[in-house]
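To start, the structure under review is shown below, and the notes come after it.
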Number of protein chains: 2
Amino acid sequence: MATALKVKAFDLGKQASSADVIYDAMRDAIIRGEIEEGEPLRQDTIAQMFNVSRIPVREAMQRLEAQGLVVSERYKGVVVASLSYDQITEIFQFRALVEPTVIEMAVPLMSDESLETAQQFCDAFAAETDPIRWGDLNRDFHNSLYRDSDKAFFLSMIDKTNDLVERYVRLVLYLTQGMRYAVQEHQAILDACKARKPKLAADLTRNHIDTASKTLVSYLREHHK
Amino acid sequence: MATALKVKAFDLGKQASSADVIYDAMRDAIIRGEIEEGEPLRQDTIAQMFNVSRIPVREAMQRLEAQGLVVSERYKGVVVASLSYDQITEIFQFRALVEPTVIEMAVPLMSDESLETAQQFCDAFAAETDPIRWGDLNRDFHNSLYRDSDKAFFLSMIDKTNDLVERYVRLVLYLTQGMRYAVQEHQAILDACKARKPKLAADLTRNHIDTASKTLVSYLREHHK
DNA sequence: ATATTGTAGATTGGATCCGATTATGCAAAC
DNA sequence: GTTTGCATAATCGGATCCAATCTACAATAT
């Protein structure tokens, strides 16, 4: 038997296929709201944008559809998915159930580095003036608190909910000029984590999501179309 | 405007593409455990099975991967995904969080028809002797209780968890000869629904999932490789 | 004018083909 | 006997081509 190797050959993270690149790019464009709801995504157009044939484009579309970001109809193509207020409300209801549970599990495992990282995202969110970056920083902050839970499946579910509503969150962050009061809620959650109070962090997270949900839907009803 | 047609031309529910058919068939084969964990799925082989080219096969694979049922590696192909005990435990933890919530929301909305349907699935599960059908009837029973919640997103999440662990549930249902005691738990849950006691139904569901999880992992550790 | 029909272009689904990468088998060297 | 090095086959990712379907608009009939 071969002797165990000392060197851990670095994991040259498998190069991405064209379909991977296209999926990532289109996912980004959709969740950032750079494409209108209901807008069709033409295979030819996208293929030309990436200088590839339509094959990898279609494979990326299959995945976008499985993720719920687009809906496709045979021989008609795919369009960017849109969510009703009821659907948005349901997704936030789901988040209000899952995210407090995850943070509660994460608090006892949180490293000082994670807490420091979270504090940095929290500060950066508070200081940021560019509307485009609010969405990212908000998501980064929350994810940095969840990561140490080491619950990959829960995290993937949270990611999916974020993908689905992110375009609306961004819109309302813009309309409310950054939801300044959210900063205080973020800091309160983070302080509960630092104090190693899992239940408190969970409760604050649940309230944070509930108020975000209400703010979001009410603003959408007012301003959105 | 054209006169309204009397005949309601039946909604010939958009014909499925080849990729759809292949996805459904492969998903079924995987979750039923008809294919070994880690077994490679060759594009050519599958294409020949369905008498199509490899294109729709690859599109189906993209979706199976997004669903978590297979893992793919560039230039190497896809293999049936396998879950560690930790991963299985986490998924059941997730279910123990989500499913009680859903049934609690569903109870006030449950129609008598749904309760009757659930009772039929429950009875059928109790009476069934063919191991192959236990998995289906178990899933049908639970879904029939959740459906009236009218929470499509929650339901899709539950479906995903079922897909991921179904092969293991089936295996243990077989090993335990149908988990006969599960029938009593099912009946208790159903009775709580009939009595319109949402909290009780939720608690019973949570316990049902917890015991199922423990039974499952312990049996897997004993018998499974 | 309105509704119907027909036809051409646009778009998608799928088949076939080709280059790139990986896996396999076998001979040579240690 | 084990390991190394190659040649070959198996397999995959992607490009190109063709068929099926949809869409838009003009022509026709009522």
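A quick note: this is a predicted structure, and the numbers were derived from the prediction, not measured. Letters A, B, ... are given to chains in the order of the sequence lines, protein chains preceding strands, and every chain is numbered from 1.
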Side-chain H-bond candidate by donor/acceptor type, [X] with [Y], under 3.5 Å:
X: B/Asp159; Y: B/Ser156; answer: no
X: A/Gln62; Y: A/Tyr23; answer: no
X: B/Ser114; Y: B/Ser111; answer: yes
X: A/His142; Y: A/Asn162; answer: no
X: B/Glu65; Y: B/Ser72; answer: yes
X: B/Asp123; Y: B/Gln119; answer: yes

Exercise for the section: Mind listing the residues from residues 51-60 of chain B sitting with a heavy atom below 4.0 Å of DNA chain D? Number order is fine. Expected result: B/Arg54, B/Ile55, B/Arg58

Practice task
Give, for atom CG of B/Leu115 and atom SG of B/Cys193, the distance between the pair rounded to the nearest 0.5 Å.
Solution key: 6.5 Å

What is the separation between atom [atom1] on [X] and atom [atom2] on [N], rounded to the nearest whole Å?
X: B/Gln43; N: C/dC17; atom1: CD; atom2: P; answer: 17 Å
X: A/Arg42; N: C/dG13; atom1: CZ; atom2: C1'; answer: 14 Å
X: B/Ile46; N: C/dA15; atom1: CD1; atom2: P; answer: 14 Å

Practice task
At the 4.0 Å heavy-atom cut-off to chain A, mark where contacts on DNA chain D begin and end, going 5' to 3'.
Solution key: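 First and last nucleotides in contact are D/dG14 to D/dT23.
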
Problem - B/Lys151 bridged to A/Asp86 by N-O distance under 4.0 Å - result: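 Salt bridge between B/Lys151 and A/Asp86, a charged N being under 4.0 Å from a carboxylate O: no.
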
Handout entry: Distance test, side-chain N/O of B/Ser17 to OP1/OP2 of C/dG13, below 4.0 Å
Key =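 Checking C/dG13 against B/Ser17, no side-chain N or O comes under 4.0 Å of OP1 or OP2.
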
Practice task
Taking A/Trp134 for its side chain and A/Arg170 for its backbone only, find out whether a donor-acceptor pair lies under 3.5 Å.
Solution key: no

Handout entry: A/Phe153/B/Phe94 aromatic ring centres below 6.0 Å
Key =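 Yes, the ring of A/Phe153 comes within the 6.0 Å limit of the ring of B/Phe94, centre to centre.
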
Under 3.5 Å, which N/O atoms of the protein pair with N/O atoms of nucleotides 20-22 of chain C?
none

